[in-house]
Every structure is written in structure tokens, then in C-alpha cells.
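Structure record follows, encoded as C-alpha cells.
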Amino acid sequence: MNEQKFLDDIDSCLDCKSCLEVCDTFKATNNELQSPNGRLIIAKKVLTNENISEEERFSLYTCTLCSACNLECPQAINIADIVHASKIELVKKNQGPFEIHEKIIKGIVENENSVGGKPEERLDWLPKEYKAIETFEKKESDTLLFFGCMSSFRVKESASAPYKILTHAGYDFKILENEPCCGEYVYSAGKLELAKDMFKNNVELFKKNGIKNIIVTCGGCLYAFDTVYPKYIKDYDIKVRHIVEVVHELVQAGKINLKSIDKTVTYHDPCRLGRKYKNGPSINEPRELLEMCGVEIKNISENPKKGPCCGAGSGIRGVDSNLVIKIGANLFNDIETKEIATSCPLCVFNFRYVNYKNQIDKDSKYITDYILESMEKK
Ligand code: SF4
Ligand code: SF4
């Protein structure tokens with residue numbers, strides 16, 4: 001961590017407050033402590049060993065690390081990375097993360113998932129006919145379809161549909177019977193040493209299984225494998241792609257035929273795919289795929305790269321669920337369609353939660369639901 005660079009960047013802030021306009025936690029609270037600019041001031045205190053108040057500590061942990069502010073800043077300050085670096089500092093000082101994060105991290109260490117799922121139920125989504133033929137790690141393939149906690153346990157159709165689509169297209173891949181957690185939750189909570197151990201163990205597991213390519217369904221796993229792992233693993237050479245990119249390629253190659261399902265939906269860009277993705281951002285592929293399914297797309301913002309966050313990133317659900325509900329409600333207010341499509345199971349899960357809590361009549365779906373429906377249409 002280059003602390004001096006972070007401090008220099010913080011000092012370059014012009015206090016123009018442009019970043020406030022795009023920060024969903026500020027828009028939901030109107031509290032400058034919960035804004036990018038406010039968080040930079042707190043981060044400076046943390047990085048220079050000044051004490052911070054409980055409210056300031058809370059503010060660092062309610063940042064979703066969505067990076068919308070980074071794009072707005074005329075000084076090109078990487079605000080999200082600075083907030084994350086200050087969380088790492090807080091952990092070193094035994095002032096972070098929160099008890100709820102520790103509880104979830106204990107679950108990750110014991111059961112390899114952040115959502116309290118039972119390891120023996122991880123592959124419950126796998127259709128029976130495939131369970132009989134799936135050979136897991138033993139299969140000769142260097143491509144891993146990786147599902148992560150949310151797809152495996154909470155939004156299971158975002159595991160089963162990608163599996164069915166790739167199988168139908170004759171794509172060569174395998175899955176792991178006992179998939180590990182990618183470690184993104186641990187990393188974003190600031191527990192860097194534990195996260196690094198997880199990254200190292202996972203890469204060893206991938207190497208042992210001959211994995212050279214990973215296809216992910218989740219934005220968090222994408223960010224971890226694509227952007228974070230290369231920072232900490234020497235000679236990391238695994239190619240990482242999101243399922244949307246792979247399916248897009250297969251459709252263009254004529255391996256998947258799509259029929260019109262005639263719908264109108266709003267497409268939400270997950271920040272880890274539409275904004276933070278090192279190879280991307282992947283803005284056009286999901287839209288083109290939906291259009292090829294005969295879906296008319298409505299956008300939330302004029303510039304999709306600057307679109308809002310679902311409100312659930314970086315473990316803020318555990319710290320302030322009311323804030324998450326408010327961010328989600330703000331986003332729903334800007335949506336005219338009943339259906340919201342997105343490419344991250346955490347966004348789907350969060351939208352369903354917000355919908356339930358606010359009693360709004362919206363449906364949230366993972367993008368491959370539309371592809372599968374279109375493929376299977378008679
Ligand atoms: S990363 Fe997102 S939530 Fe955090 S300060 Fe920036 S805009 Fe706000
Ligand atoms: S946009 Fe950048 S320069 Fe302006 S207040 Fe925010 S962090 Fe400072």
C-alpha cells in the first residue's frame with residue numbers, strides 16, 4: 001500500500017464537491033460524512049494515525065466501494081481505493097471491521113461462503129440429469145465456471161441458467177464440487193492478510209486442477225479474480241471473463257439461437273462489471289444480448305458507466321440495512337418498467353430484498369434468465 005501516494009491524492013482534493021452528486025450513500029443520507037469528500041477527510045485521519053469517531057468509522061464501512069465518485073473527480077482521485085486502504089489500516093489498529101463482518105468472515109472460513117449456506121447444499125441448483133454425468137474436478141478442461149456464494153445459495157438460477165446455456169452450446173468447461181469463496185468480502189472488509197491467504201490457496205487449487213480460464217457469474221468474484229488477485233499473486237496468469245461476455249461470443253458465433261421474447265426491461269449495470277472491470281467495462285454486451293432476445297431496454301442513467309449502485313456492495317448490508325433499502329428505493333423510483341435485469345446475483349438479491357421491504361411491485365432477474373427463456377422458446 002502506497003500510503004504517501006494516498007495522502008498526496010487526498011491533499012489534491014479541490015473540495016469542489018462534484019463527487020457528492022453521484023454518491024448513493026450521500027444522496028440517501030444527505031450527510032457529508034457519508035460522501036466521497038467526507039470519507040477522504042476521515043481516511044486522512046486514519047492514514048495519519050489520528051483518532052476517528054464512531055460515526056466516522058461507520059461512514060468508511062457504509063461506502064459500497066462502487067467507484068462512481070472516481071469518475072466524477074476532476075483530480076482523478078481514486079476515492080474508493082483510498083477508503084479501502086483506510087479500512088485495511090483500521091483492521092491493523094483493531095478498529096475494524098464490525099462485529100457483523102467478523103461473524104460473516106467466520107462463516108466464510110468455516111463453510112466457504114458469506115451467506116450462511118450449508119456446504120452440502122452448494123450444488124443443489126444442478127439439475128438432476130447433469131448431476132449424474134458431471135465429473136467435477138476430474139473432467140479434462142482448463143476452463144472453470146465459477147459461481148460464488150450468491151449464485152450458489154441465494155440466486156440459484158444465476159448458476160443453473162449459465163450452466164445450461166454453456167452445456168447446450170457445447171462449451172468446454174468444468175465446475176468444482178467444493179468451490180471456495182473468492183475472498184472479495186474479506187478483502188473489502190479490510191482483512192488483507194486473511195484475504196491474501198485465501199487468494200493464494202485458491203490459486204493453488206486452480207493450478208492443481210489445470211485451470212487457465214475462469215468464467216464468473218458474480219460481479220464480486222469478477223473484481224476479485226480479475227483486478228485484486230493480480231495485485232497479490234506473483235505471475236498470476238488466469239484469464240477471467242464474465243458469463244455475459246462468453247454467451248455474447250457464443251451467440252455471435254452461431255452456437256446459440258435466440259428467439260424474441262418480446263419484453264421491456266430496465267438494465268442495471270453492476271458496478272463491478274460496468275465500471276470497475278479491468279478488461280471492460282462491459283456495457284454493450286449485456287444490452288446487445290438482451291436486444292437479440294427481442295427485449296427492449298430502458299436505461300437508468302444517460303451514461304451507463306456512471307449508473308447507480310444497487311446499494312449492497314462491500315458488506316454494507318450488515319452495517320446499515322436501512323441505508324441499503326433507501327438506496328434501492330431511490331433507484332426503483334427512477335425505473336418505469338416492472339422488470340429489472342442485471343448481471344450480478346448480489347444486485348438481483350438486493351433488489352428483491354429492497355422490493356420486499358418497500359413493498360414495491362418490481363421483478364429483478366439475472367440476465368441469463370432472458371437468454372434461457374429465449375433459447376427455449378418454441
Ligand atoms: S465508492 Fe461509491 S459509495 Fe463510496 S464514496 Fe464513492 S460513490 Fe460513494
Ligand atoms: S470531486 Fe474530487 S476534487 Fe472534488 S471534492 Fe470530490 S474528491 Fe475532491
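On a predicted model such as this, the values are computed, not experimentally measured, just so you know. Counting starts at 1 for both ligands and their atoms, following the listed order.
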- Enumerate the protein N/O/S atoms at a distance below 2.8 Å from atom 8 (Fe) of ligand 2, ignoring waters. C13 SG
- With no hydrogens and no angle check, do the side chains of R275 and N70 hold a donor and an acceptor under 3.5 Å apart? no
- Query: In this structure, which one of F199, Y236, Y187 forms a side-chain contact (heavy atoms from CB on, under 4.5 Å) with K231?
  - Reply: Y187
- Task: Using side chain to side chain contact (heavy atoms under 4.5 Å, CB included) as the criterion, list what pairs up with C218, not counting sequence neighbours.
- Result: C221, C344, P345
- Identify, for atom 2 (Fe) of ligand 1, the protein heavy atom at the shortest distance, and state residue, atom and that distance. C66 SG, 2.4 Å
- Message: With a heavy-atom distance limit of 4.0 Å, tell me whether S67 approaches ligand 1 through its side chain, its backbone, both, or neither.
- Response: backbone
- Message: Which residue and atom name correspond to the protein heavy atom nearest atom 6 (Fe) of ligand 1, and how close is it?
- Response: C69 SG, 2.3 Å
- R39: numbered ligand 1 atoms lying under 4.0 Å from its heavy atoms: 3 (S), 4 (Fe), 5 (S), 8 (Fe)
- Item | Nearest atoms (heavy-atom pairs only) where G117 meets N111 | O-CB, 4.1 Å
- Between N350 and R317, is a side chain to side chain donor-acceptor pair (under 3.5 Å) present by the stated rule, with each step listed? CA-CA 9 Å; N350 196 51; R317 282 169 55 84; 3.1 Å; yes
- Query: Parallel, tilted or perpendicular: which describes the rings of F146 and F225, with under 30° parallel and over 60° perpendicular?
  - Reply: perpendicular
- Query: Which protein heavy atom lies closest to atom 4 (Fe) of ligand 1, and at what distance to 0.1 Å?
  - Reply: C63 SG, 2.3 Å
- Item | Candidate pair S343 and R272, rule side chain to side chain donor-acceptor pair (under 3.5 Å), full reasoning | CA-CA 10 Å; S343 305; R272 271 72 175 166; over 6 Å; no
- Item | Y366 six-ring centre to K156 NZ/CZ under 6.0 Å and within 45° of normal | no
- Quick one: does ligand 1 sit under 4.0 Å from the side chain of D24, the backbone, both or neither, non-hydrogen atoms only? neither
- What atoms of ligand 1 come closer than 4.0 angstrom to any heavy atom of C23? 3 (S), 5 (S), 7 (S), 8 (Fe)
- Any luck finding a side-chain donor-acceptor pair between Q34 and T29 under 3.5 Å? no
